[in-house]
Amino acid sequence: MRRIFLVFLFFTSVLFFFSSPTIADDPIGYGYKLRSVKVDASGKSLTVILDVLQNSSMYGPDIPNLQLTASFETADRLRVHITDLNNKRWEVPEQIISRNAEPPTSEPPTADPPTAQPPTTESPTAQPPTSESPTAQPPTSESPTAEPPTSEPPTSVYSLLDTADPPTADPPTAESPTPSESEKNSSLTIEGSDLIFAIHNDPSFGFTVTRKSSGDVLFNTTGGNATDSNSNLFVFKDQYIQISTSLPANKSSLYGLGEQTKRTFRMKSGDKKTLWNSDTSSRSVDNSLYGSHPFYVDVRSPMKEGDSAGNTHGVLFLNSNGMDILYEDSKLTYKTIGGVVDFYFFAGPSPKAVIDQYTQLIGRPAPMPYWAFGFHQCRYGYKSVSVLEEVVAGYANASIPLEVMWTDIDYMDKYKLFTLDPVNFPADKMNAFLDKLHQNGQKYVVIVDPGIGINDTYGTYTRGIEADIFIKYGGKPYQGKVWPGDVHFPDFLNPATGPYWTNEIAMFLKTLPIDGIWLDMNEAANFITSPIDQNSTIDNPPFKIGNGRNINGGAIPPSSLHYGNMTEYNLHNTFGHVEAKVTNAALVEVTKKRPFVLSRSTFVGSGKYAAHWSGDNGASWDDLEFSISTIMNFGLFGMPMVGADICGFLGGTTEELCRRWIQVGAFYPFSRNHGDIHSPSHELYLWASVTESAKEVLGLRYQLLPYFYTLMYEAHINGTPIARPLFFSFPEDEATYEISKQFLLGEGVLVSPVVKEREVTVDAYFPAGNWFDMFNYSNSVSAEKGQIVKLDAPLDKINVHVREGNIITMQGAAMTTQEARKTGFKLLVVVSSSGNATGEVFLDDGEEIEMGGKSGNWTFVKFSGGVSGDEMTIQSEVTNGDFAAAQKWVIEKIVFVGLKKKTATFRRHWLDLFVNDAPASNVTFDWKGAFGVAEVAGLSQSIAESFDLKFPIKY
């Protein structure tokens, strides 16, 4: 959002991360051995009891006995869950992420939602602060409320909430049965699944997940050995869990595991990822940022000669605690400071299938309103309503499309949430401004930060106190500091917070009818670092993630308590996720329309509730380039509506950089220009050259709105990203695995931008096929196999190509999406080498809560076409045509691209067009390029009716 005021504390010495102790030291752990194996009667799950081989004191004692449950939740999804056999432990509850699956029969039943009962732990170091002082200092050893230690085995506050009571079991004894050789190598699979789970016990316990059809080992934790620092040592302590998998060297291409700004999309050996959500500028490369997504996609190269490339699987490590992840070419290691081991394996075998399976578990992406695909303008520093009016007029005068106007914290009264500055943004003038926007078909979005200013005359604060919805520290609402000054933070897991938040939004919308909410600073960011008890292992855990990071720095203290006595230690990474969930539900209840929520902080499954942008990037060429990897990663994370601040947020942009940035930003799924108060303004109309480029690229974006929106529908139905890596459509082409500077929109629109200063060509990779320039259909690139092509890219041009075999539905360019939707449709039929093409379009009102729901207020059309001899046909198959018929939408033009020439000297042919046996005219041809282009204009074919158009070609 704004210039970062927080500087997080990093120790200069590297403390333990990514290095193992020498053998002379006490090892981190010794691993576990197998005690017993039991296969469930259903044959879909098995349970394993494990005992620690030898205790180690580093980072605390080992958990002596573990239970592993492996279960097939579907044929394509395998869950491997490991927890303490004898004590409850924290794990991500269903109220944060509903798994969308029935629990396997071998697992304990899910517990009721947590209640507000006090903690029952008796560990003195694990008690939450209970000081009654106004500053909420943590307790000392003399604190009268601190529980004395007892003789019972200690547990920790952060372990109190579990999904079930753990099974009871006696500790192993000398008489405990020794597992048989068959038990030591037990395996599990089910009919219809391509996955095999197997357990191993040599030299210590480990497990493997293998692809049945190929024998490819997808995940391999075997080979742990305390005497070998490079082995896959499995360690499970109260506040330190380590587990590793071996990977086939140079055969695995990994993507995901974020959020970080990365130089390349594909992970590189030596990458270190820390997952602890923080208010850190995204121009900071290789550091933990706003979100935590412990999910990766692995695209495999052939394991042996004759194998095909592209078999893909996904792995989710569902754990909300802070963690480090180290990737080496042949190994991936997780080190987390709490929770449980909870892996989900997704069989694929295609990238598209993996994301389908992943989002089936975590939740499908939220449908976005149609208007959200227009162009957005924002700036921190729009100081009054008159400035907003000037910006809107500036875009109109320059004839640059503008869909949504945004306001940063400037609009608030002393930065208090849900207020208006009575001097610079008075309610009467703001309502007049919004009335004009809405009359023009435009929208308005404002920022909302979570910190509630402490002020007894401020209704949002006093109502929060009355509802008792704030996060607690020392028995009182925790007091932090953000933009309003001293603040409390809502606990969005408290059942009372939903009604409270909904009421605050409803009251604000009565004051000002905004169209969407932008959630910022929701890691949650804190301008202060509160003092803590250094002896508390909650605030000061024994293992320091991020090379010695202070997890209390610039954050809510980890020992603060949420509803049900859940600690911030466990919940920190989920704060923004739960806020987005509650905000989404509030907007649905208040507006009765499809909500638009943009969230900076995210977690697994946040795409179900919100869009995302890459945060406080910089106005630099590196930031432009790296934005592409970020956008592709979030598509894999199940957040397809994603973008980056065009022209850069922090620092001064340049005319050339801003021009190049809008050229690529026009094709981000979420396209917004945004700048910082301390940086020069960079609205697109401020430079003539940028205006020129903006009009061209946004003109194409608005023509592609039906295509973008259909991709949103596809994302909502099966999770498929809108902006995709090239390997998504071409997994068999290993050269696509390294592509970080290009991306696909859907299956076949390839964006190849310039991301370097003063460059006027671009080396673009084209997978096999014929590709046609979206700005000039006569220009094409043909690749018999994948190849790099040097393309001209003068300052006024971005290269956007469409691949053969696609039918793209388009409409006319306009200044708003509302006006664009009133124009006639155009079908761009890109004929493949074999003469085929397919496409589809989804149509609705753009704001109904459900997208493609039971109401039937939508239309879905599938198109197909083909060439046989001298005749081309194109057909449509319509579902729920009544909606489109009521809009009186018609196809006015069809353009055929990729027509083959008859001979080397042939230049023209005649085309007789029959629409349902009625001849049509206005057919023109262009044979200047390597392929012919035929444009059929003057049509009035209802898109709501299935049709069969015949095109006899006469040479």
Side-chain angles (χ1 to χ4, degrees), residues 365-378 388 391-392 395-396 400-407 433-447 509 512-519 583-584 587-588 590-599 609-613 640-643 646 665-674 684 694 697-713 715-716 722 745 809-823 841-852 857-858 883 887 889:
M368 294 290 140
Y370 198 94
W371 57 260
F373 289 92
F375 179 72
H376 305 243
Q377 177 62 47
C378 185
L388 300 181
V391 173
V392 173
Y395 274 92
I400 301 173
L402 175 63
E403 187 74 16
V404 189
M405 195 65 197
W406 294 55
T407 307
F433 171 65
L434 262 65
D435 285 346
K436 187 173 181 180
L437 284 180
H438 291 157
Q439 290 169 10
N440 291 337
Q442 296 169 304
K443 306 295 181 180
Y444 184 65
V445 174
V446 297
I447 197 168
L509 262 65
L512 190 70
I514 61 172
D515 300 289
I517 289 180
W518 166 24
L519 301 176
T583 304
N584 181 295
L587 284 174
V588 168
V590 173
T591 68
K592 303 299 188 289
K593 294 180 180 180
R594 190 180 305 168
F596 176 80
V597 179
L598 181 75
S599 180
Y609 310 108
H612 177 67
W613 91 109
M641 191 61 167
V642 59
I646 294 170
F667 302 100
Y668 292 159
F670 171 60
S671 182
R672 183 184 71 163
N673 180 302
H674 184 35
L684 301 181
V697 294
L698 290 175
L700 179 56
R701 179 187 181 90
Y702 275 62
Q703 292 177 65
L704 288 170
L705 283 172
Y707 183 66
F708 270 104
Y709 194 65
T710 302
L711 294 177
M712 178 73 259
Y713 174 71
H716 178 56
I722 296 173
L745 295 173
T809 306
M810 306 171 71
Q811 282 182 282
M815 297 297 288
T816 65
T817 62
Q818 178 177 289
E819 290 303 310
R821 300 202 82 185
K822 297 176 182 178
T823 65
V841 65
F842 177 85
L843 305 165
D844 68 2
D845 68 1
E847 62 180 17
E848 188 174 58
I849 295 171
E850 289 189 67
M851 193 177 197
N857 294 325
W858 49 271
F883 173 78
Q887 312 305 312
W889 280 326

S.K.: Kindly indicate whether the side chain of Met712, heavy atoms from C-beta on, has any atom under 4.5 Å from the side chain of Pro640.
M.R.: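 Counting from C-beta outward, Met712 and Pro640 do come under 4.5 Å.
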
S.K.: Report the residue from Phe842, Tyr707, Tyr370, Phe708 that forms a ring pair (Phe, Tyr, Trp, His ring centres under 6.0 Å) with Tyr713.
M.R.: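 Output: one option passes, namely Phe842.
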
S.K.: Please round to the nearest 0.5 Å and tell me the distance separating atom CD of Gln377 and atom CG of Leu402.
M.R.: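 Those atoms lie 7.0 Å apart.
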
S.K.: Side chains of Asn584 and Val588, heavy atoms from C-beta outward: is any pair under 4.5 Å?
M.R.: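 In short, these two side chains touch, coming nearer than 4.5 Å.
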
S.K.: Quick one: ring pair (Phe, Tyr, Trp, His ring centres under 6.0 Å) partners of Phe883, sequence neighbours excluded?
M.R.: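 For Phe883 the ring pair (Phe, Tyr, Trp, His ring centres under 6.0 Å) partners, ignoring immediate neighbours, are Trp889.
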
S.K.: To the closest 0.5 Å, what do you measure between CE (Met815) and OH (Tyr395)?
M.R.: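 It comes to 10.5 Å.
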
S.K.: Does Arg672 make a cation-pi contact with Trp518 (under 6.0 Å, within 45 degrees of the axis)?
M.R.: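 That pair qualifies as a cation-pi contact.
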
S.K.: Do Ser671 side-chain atoms and Tyr668 backbone N/O form a donor-acceptor pair below 3.5 Å?
M.R.: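 No: the side chain of Ser671 does not pair with the backbone of Tyr668.
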
S.K.: Side chains of Thr816 and Glu403 only: does a donor on one sit below 3.5 Å from an acceptor on the other?
M.R.: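 Judged by distance alone, the side chains do not pair up.
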
S.K.: Within the 4.5 Å heavy-atom criterion, are Thr407 and Ile447 side-chain neighbours or not?
M.R.: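 Counting from C-beta outward, Thr407 and Ile447 never come under 4.5 Å.
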
S.K.: Can you find a pair of side-chain heavy atoms, one from Lys443 and one from Leu437, that are under 4.5 Å apart?
M.R.: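 No. Closest side-chain heavy atoms not under 4.5 Å.
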
S.K.: Once the angle between the rings of Tyr709 and Phe373 is folded into 0 to 90°, is it parallel (under 30°), tilted (30 to 60°) or perpendicular (over 60°)?
M.R.: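 Ring orientation of Tyr709 relative to Phe373: perpendicular.
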
S.K.: In Å and rounded to the nearest 0.5 Å, what is the NZ to CG distance from Lys592 to Leu587?
M.R.: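 Going from NZ on Lys592 over to CG on Leu587, the span is 11.0 Å.
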
S.K.: Any idea which heavy atoms bring Trp613 and Ser599 closest together, and the distance?
M.R.: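 Between these two residues, the closest heavy atoms are CZ3-C, 3.9 Å.
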
S.K.: Any non-hydrogen side-chain atom of Val445 less than 4.5 Å from a side-chain atom of Ile514?
M.R.: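 No, too far: nothing below the 4.5 Å cut-off.
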
S.K.: Between His376 and Trp406, is any side-chain donor less than 3.5 angstrom from a side-chain acceptor?
M.R.: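 Short answer, yes.
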
S.K.: To the nearest 0.5 angstrom, please state how far the CG atom of Asp515 sits from the OG1 atom of Thr591.
M.R.: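 Reported value, rounded in 0.5 Å steps: 9.5 Å.
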
S.K.: Could you please spell out the steps behind the side chain to side chain contact (heavy atoms under 4.5 Å, CB included) verdict for Val404 and Phe596?
M.R.: CA-CA 12 Å; Val404 189; Phe596 176 80; over 6 Å; no

S.K.: Please find the pair of heavy atoms, one from Ala366 and one from His716, that lie closest to each other, and give the distance.
M.R.: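 For Ala366 versus His716, the nearest heavy atoms are C-ND1, 4.4 Å.
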
S.K.: What do the steps show when you test Met810 against Leu700 for side chain to side chain contact (heavy atoms under 4.5 Å, CB included), and what is the final call?
M.R.: CA-CA 9 Å; Met810 306 171 71; Leu700 179 56; 4.2 Å; yes

S.K.: About how many Å separate CD1 of Ile646 and SG of Cys378, when rounded to the nearest 0.5 Å?
M.R.: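 One finds 12.0 Å between SG of Cys378 and CD1 of Ile646.
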
S.K.: Could you pull out all residues at least two apart from Tyr609 that satisfy ring pair (Phe, Tyr, Trp, His ring centres under 6.0 Å)?
M.R.: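 Ring pair (Phe, Tyr, Trp, His ring centres under 6.0 Å) check on Tyr609 returns His577.
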
S.K.: Drop me the distance from His438's NE2 to Gln818's CD, to the nearest 0.5 angstrom.
M.R.: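 With rounding to 0.5 Å, NE2 (His438) is 10.5 Å from CD (Gln818).
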
S.K.: State, to 0.1 Å, how close Leu711 and Leu745 come at their nearest heavy-atom pair, and which atoms those are.
M.R.: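 Heavy atoms of Leu711 and Leu745 come nearest at CD1-C, 3.9 Å.
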
S.K.: Residues in side chain to side chain contact (heavy atoms under 4.5 Å, CB included) with Asp435, at least two apart?
M.R.: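 Testing Asp435 for side chain to side chain contact (heavy atoms under 4.5 Å, CB included), a comparison that skips the adjacent residues, returns Gln439.
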
S.K.: Does a salt bridge link Asp844 with Arg594, judged by any charged N lying under 4.0 Å from a carboxylate O?
M.R.: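 Yes, charged N to carboxylate O under 4.0 Å.
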
S.K.: Short question: side chain of Gln811, backbone of Arg821 - any donor-acceptor pair under 3.5 Å?
M.R.: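 Answer holds: yes.
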
S.K.: Any non-hydrogen side-chain atom of Leu519 less than 4.5 Å from a side-chain atom of Leu598?
M.R.: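 SC-SC contact between Leu519 and Leu598 ruled out.
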
S.K.: Using every non-hydrogen atom in the two residues, find where Pro669 and Val642 come nearest and quote the distance to one decimal.
M.R.: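 Shortest heavy-atom separation between Pro669 and Val642 comes out as CD-O, 3.3 Å.
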
S.K.: Hey, can you tell me if Phe433 and Tyr444 have their rings parallel, tilted or perpendicular (30° and 60° cut-offs)?
M.R.: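 Judged by the thresholds at 30° and 60°, the geometry between Phe433 and Tyr444 is perpendicular.
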
S.K.: Determine the minimum heavy-atom distance between Ala820 and Gly812, stating which atoms define it.
M.R.: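 Distance-wise, the nearest heavy atoms are CB-O, 3.6 Å.
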
S.K.: Measuring only between side-chain heavy atoms, which start at C-beta, is Asn673 closer than 4.5 Å to Leu684?
M.R.: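 In contact.
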
